[in-house]
Amino acid sequence: MDSVELSGFLRSRRARLQPGDVGLVPGPRRQTPGLRRTEVALLAGISVDYYVRLEQGRGPRPSEQVLAALGRALRLTGDEHAYLRRLAHPAPVTPPREVPANVLRLLDRLDDVPAMVIDAGFDMVAWNRMLVALIGDPAGWPPRRRNRLRRLFDTGDTITGNRLDLARLCVADLRASGRYPADPAVRSLVDELRETSPEFARLWAEREVAVQRTLTKRTVHPVAGALELDCEILAVPGHEHRLLVYTAAPGTPSAEGLRRLASRSDGASAKIPSVTTTADDNAQCSPTRVASAPTRTGSTRNPR
């Protein structure tokens, strides 16, 4: 059990609730924000001493029944409850594995939409020609640009507006994976960004948890023009990988833009122009790592 993260997560969820949120009367002399520990214990039907020890990182591993009760008391979302359960009952971290062959075949068949595969360390491990046509070839990028979280936070400027919203979503998705701190790759990335980016450190300390399943990417491409694409983030069952697929609503200028990109990317020798993008280029929330060696059918993957 990760007692440190569990206690910090419980404290953060308690602090965001007010008595009125859970049907309690506020009462006088509340000097700190959020619920009191006694109130959480009352709502969860557990002893105050036990809950205090959980928040202090001294309690025994809570049962599934206690976790369910805490989830109800703290009004956790489905993603937050799943994260709480992973903290209390962490699964063994599996070593890096190859992208499943069936996922690579699917990636190859997606010849009219951009798509890529990321692993548990949020590294890009495979992509198709249409993604190269959309954003350029990641194989030719400098290492830091291949990591999208580093690219998002390594600006030296204060992150504001839509970019701040995107940054918050990405950090919440990273934490929701439940791989920190057990996964060495995720731990290294988090520790680095906490050290180098005050914005990342602040967002990470908020302990927000939300799995990203769909996002919107807006970009301006020299061939396709202005694009608004829906990014579907699909988990690969039984694996740490996720497949990211960009699509456009039928009959829209964006759909026509993707059609033009597909015609330009046909054939291995297609000329791919440089790409001009907005800050939303990071919208898939997936840091990338170097890849090489195109497959025979047109996707590119990073051999382990």
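These figures come from a predicted structure and were not determined experimentally.
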Q: Can a donor-acceptor pair be found between the side chains of E232 and T214 at a distance below 3.5 Å?
A: yes
Q: Is a salt bridge present between E80 and R75, judged by a nitrogen-to-oxygen distance below 4.0 Å?
A: no
Q: Going by the side chain to side chain contact (heavy atoms under 4.5 Å, CB included) test, name the single residue among V103, V99, L234, I118 that passes it with H241.
A: V99
Q: May I ask you to test the D173-V211 pair for a side-chain heavy-atom distance under 4.5 Å?
A: yes
Q: So does R168 pair up with E199, basic N to acidic O under 4.0 Å?
A: no
Q: Check the surroundings of atom CZ in R202: do more than 12 heavy atoms from other residues, nucleotides or ligands lie under 6.0 Å from it?
A: yes
Q: Counting the benzene-type ring for Trp, do F153 and W204 have ring centres under 6.0 Å apart?
A: no
Q: Does N102 reach the side chain of R105, with side-chain heavy atoms less than 4.5 Å apart?
A: yes
Q: Q212 pairs by side chain to side chain contact (heavy atoms under 4.5 Å, CB included) with which of L244, D79, L169?
A: L169
Q: Is there a side-chain contact between M1 and P60, using heavy atoms and a 4.5 Å cut-off?
A: no
Q: Would a 4.5 Å heavy-atom cut-off, applied to side chains only, mark D112 and M130 as touching?
A: no
Q: Is the shortest side-chain N to carboxylate O distance from R218 to E228 below 4.0 Å?
A: yes
Q: What is the distance from atom CG of L54 to atom CZ of R37, rounded to the nearest 0.5 Å?
A: 10.5 Å
Q: Just checking R53: does its CZ atom have more than 12 heavy atoms from other residues, nucleotides or ligands closer to it than 6.0 angstrom?
A: yes
Q: Got a second to check how far T247's OG1 is from D230's CG, nearest 0.5 Å?
A: 5.0 Å
Q: Does E64 CD have over 12 foreign heavy atoms under 6.0 Å away?
A: yes
Q: Can you tell me if R175 and Y83 form a side-chain donor-acceptor pair at under 3.5 Å?
A: yes
Q: Run the salt-bridge test on R179 and E240 with the 4.0 Å N-O cut-off and return the result as yes or no.
A: no
Q: Any non-hydrogen side-chain atom of L258 less than 4.5 Å from a side-chain atom of P114?
A: yes
Q: Is it true that Y50 and V40 fall in one hydrophobic cluster, defined by side-chain heavy atoms closer than 4.5 Å?
A: yes
